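Input: a single structure, listed below in structure tokens.
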Amino acid sequence: MDSENWKHSLLYLIFLLAILHLTQNHFSHKLFLDNETVRIKKNLDLPLRFLQDPPVSTWQVADMHYDSGTIVTRCRDVLASEFEFCSDLNTTQFLKRIIRAENPDFVAFTGDNIFGSSSPDAAESLFRAFGPAMESGLPWAAVLGNHDQESTMSREELMSLISLMDYSVSQINPLDDDLTNSSKGGMMTKIDGFGNYNLRVYGAPGSMVANSTVLNLFFLDSGDRAVYQGIRTYGWIRESQLNWLRRVSQKFQGQKQDPLHPTDAISTTKPPALAFFHIPIPEIPQLFYNEIIGQFQEAVACSRVNSGVFQTFVSMGDVKAVFIGHDHTNDFCGNLDGIWFCYGGGFGYHGYGKAEWPRRARIILAEQNGKKSWMNVQRIMTWKRLDDEKMSKIDEQILWQSR
């Protein structure tokens, strides 16, 4: 072998050894594609569950309307004295303040997460919008609103990306077993939209319900815009989604508790459930004439189509409260036939709001019954936090309490 070939062989061997070293040290954390580093998603220890002592708190973020995440993204509907220095960064700071103030167990983003029509890059906007949640290491989930897809990504692409982000427990659509319709011979059924899924919260470790669902979180895609009978209107939850919802709910009727526990008890009722989606249903305007907690400040921008969402929730019997967004200056909770419907109130500074009316977030608290070996959920409460100097806590109320 001549000296030139020997040198080439030695360099090639060194190159291979270097690649092997890099692979052994970094492959478990990173992938290399087209000379760019792509991180593998950071996952949580699932499933979601209660612990022995503290309750489970969920934080609803409605209508962030995030743009580029820079100081050039101007705020809307703030005082003139606040305008010059107000941007998307105020929304980010509010997210971080809430995490510090409430230390929630879970974060639910209920749509219009980004303001697609003014966002030049949907992916970049999503990463910046959800950045504080990912940095906190908290489990979080999202649904889409009517503005998210107005940038550079379709609704399916948006939900795909969201499901792959750090600590996200969002899903593009239900798992295969949830889409199987036994009434049609076990055939798979198609479901409308992107972002319909169920998250189950399990009981405390070591309790009778450690392996059982004690709280269900339903997420639904309420669409964006559509044409109905020749008239443009907002989207709505379709029959295929409601069929899926009914099937999932029915699975929890009479679920068994932990089979390893000596009592081996069987629940006779479904665990309570909470539902999250963006566009309000047509029954919400009725609450203008009912007693509410919070403020009803703008007309309800719902769809012209009544697809039977409310009737479905009533017939299911397990949905105790529904959390919506879309109408930024509504932040009330009102009760219809035993189900509370609650607005989150506008969160983001790039979306419309109301000057001298602070941006806000809704907190939901579920307490487990500690008197019976940490069994089922005993009470569900809610309140709001304002983005003011004191992070004011207002409108605390009980949504549901077991008998």
Side-chain angles (χ1 to χ4, degrees), residues 58-65 75-79 94 98 108-112 143 145-147 220 222-225 233-237 274-311 313-314 319-365 380-388 391-400:
T58 300
W59 161 32
Q60 181 197 5
V61 181
D63 299 278
M64 277 198 295
H65 277 255
C75 297
R76 296 179 61 183
D77 300 322
V78 295
L79 294 173
F94 187 22
I98 287 279
F109 295 92
T110 54
D112 281 0
V143 291
N146 55 292
H147 286 296
L220 293 162
S222 56
D224 49 280
R225 287 187 177 272
T233 185
Y234 285 111
W236 61 91
I237 296 169
L274 307 176
F276 300 84
F277 51 90
H278 183 70
I279 298 174
I281 59 175
E283 286 81 3
I284 300 299
Q286 298 175 25
L287 292 170
F288 184 79
Y289 306 99
N290 293 9
E291 183 177 348
I292 60 173
I293 299 176
Q295 294 177 274
F296 198 141
Q297 299 186 116
E298 64 176 297
V300 175
C302 58
S303 175
R304 295 173 61 90
V305 178
N306 191 327
S307 60
V309 176
F310 176 65
Q311 291 85 349
F313 286 153
V314 171
V319 175
K320 309 304 178 185
V322 177
F323 301 93
I324 53 178
H326 193 52
D327 304 323
H328 302 187
T329 61
N330 288 338
D331 73 342
F332 63 84
C333 285
N335 194 295
L336 292 172
D337 284 0
I339 301 173
W340 285 94
F341 290 85
C342 297
Y343 278 99
F347 188 95
Y349 282 87
H350 190 48
Y352 76 87
K354 188 176 179 181
E356 296 188 284
W357 195 71
R359 265 52 173 191
R360 56 204 58 212
R362 180 170 293 281
I363 310 298
I364 306 119
L365 190 75
I380 299 173
M381 301 179 63
T382 188
W383 58 86
K384 296 184 291 282
R385 285 280 191 179
L386 307 185
D387 191 20
D388 58 14
M391 290 289 289
S392 301
K393 179 179 178 179
I394 64 170
D395 295 340
E396 186 173 359
Q397 66 177 106
I398 295 174
L399 295 174
W400 175 80

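What's counted below: heavy atoms across the whole structure, side chains too, no hydrogens, waters or symmetry copies. In this text, all values refer to a predicted model and were calculated from it rather than measured experimentally.
Between the side chain of Arg385 and the backbone N or O of Met391 there is at least one donor-acceptor pair closer than 3.5 Å. At least one donor-acceptor pair closer than 3.5 Å links the side chain of Asp112 to the backbone N or O of His147. Between the side chain of Thr233 and the backbone N or O of Arg304 there is at least one donor-acceptor pair closer than 3.5 Å. Judged by distance alone, the side chain of Gln297 and the main-chain N or O of Thr329 form a donor-acceptor pair under 3.5 Å. In terms of modelled atom types and a separation under 3.5 Å, the side chain of Arg359 and the main chain of Gly348 share a donor-acceptor contact. Without hydrogens or angle criteria, Thr382 side chain to Ile363 main chain gives a donor-acceptor distance under 3.5 Å. Judged by distance alone, the side chain of His326 and the main-chain N or O of Ala301 form a donor-acceptor pair under 3.5 Å.
Taken to the nearest 0.5 Å, the OG1 atom of Thr110 stands 12.5 Å off from the CG atom of Leu220. In this structure, CG in Leu365 is found 4.5 Å from CH2 in Trp383, a value given to the nearest 0.5 Å. A distance of 6.0 Å separates CD1 in Ile394 from CG in Asp331, rounded to the nearest 0.5 Å. Taking CG from Leu274 and CD1 from Ile339, the interatomic distance works out to 11.5 Å, rounded to the nearest 0.5 Å. Note that CH2 of Trp236 is 11.5 Å distant from OG of Ser222, once rounded to the nearest 0.5 Å. Separation of atoms CD (Glu396) and CD1 (Ile293) is listed at 10.5 Å; rounding is to 0.5 Å.
Taking the six-membered ring where the residue is Trp, Phe109 and Trp59 present tilted rings, their angle falling between 30° and 60°. Between Phe323 and Phe276, the two ring planes are parallel [angle under 30°; tilted spans 30° to 60°]. Between Tyr343 and Phe332, the two ring planes are perpendicular [angle over 60°; tilted spans 30° to 60°].
Side-chain contact between Ile281 and Ile324 is absent, with no heavy-atom pair separated by less than 4.5 Å. The shortest distance between side-chain heavy atoms of Leu336 and Leu287 falls below 4.5 Å. Taking 4.5 Å as the limit, every side-chain heavy atom of Cys342 sits out of range of all side-chain heavy atoms of Ile364. Within the 4.5 Å cutoff, the side chain of Glu291 has no heavy atoms near those of the Asn335 side chain.
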Verdict with supporting geometry, Asp224 and His278, side-chain contact (heavy atoms from CB on, under 4.5 Å): CA-CA 9 Å; Asp224 49 280; His278 183 70; over 6 Å; no
Check: Passes side-chain contact (heavy atoms from CB on, under 4.5 Å), Asp387 versus Phe347? Steps please.
Finding: CA-CA 9 Å; Asp387 191 20; Phe347 188 95; over 6 Å; no
| said: With side-chain contact (heavy atoms from CB on, under 4.5 Å) as the criterion, how do Leu386 and Arg360 come out once you've worked through the C-alpha distance, each side chain's angles and the decisive distance to 0.1 Å? | reply: CA-CA 4 Å; Leu386 307 185; Arg360 56 204 58 212; 3.4 Å; yes
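Residues Ala321 and Leu399 share a closest heavy-atom pair of CB-CD1, 3.9 Å. Of all the heavy atoms in Pro280 and Asp327, the pair that sits closest is CG-OD2, 3.7 Å. Gly223 and Ile279 make their closest contact through O-CD1, 3.6 Å (heavy atoms, listed as atom of the first residue, atom of the second, distance). Gly344 and Ala62 get closest at one heavy-atom pair: CA-CB, 4.1 Å. The nearest pair of heavy atoms linking Pro282 to Cys302 is CA-SG, 3.8 Å.
For the residue pair Tyr234 / Arg225, a side-chain donor-acceptor distance below 3.5 Å is found, with atom types taken as modelled. In the model, Trp357 has a side-chain atom that pairs as donor or acceptor with a side-chain atom of Gln295 under 3.5 Å. Between the side chains of Asn306 and Glu283, a donor-acceptor pair is found at a separation under 3.5 Å.
A salt bridge links Lys384 with Asp395: the closest approach of a Lys/Arg side-chain nitrogen to an acidic carboxylate oxygen falls below 4.0 angstrom.
Under the side chain to side chain contact (heavy atoms under 4.5 Å, CB included) rule, Val322 has a single partner from Phe310, Trp340, Phe277, which is Phe277.
Residue Phe288 qualifies as open at atom CZ: its count of foreign heavy atoms under 6.0 Å is 12 or below.
Between His350 and His65, the ring center distance fails the sub-6.0 Å criterion.
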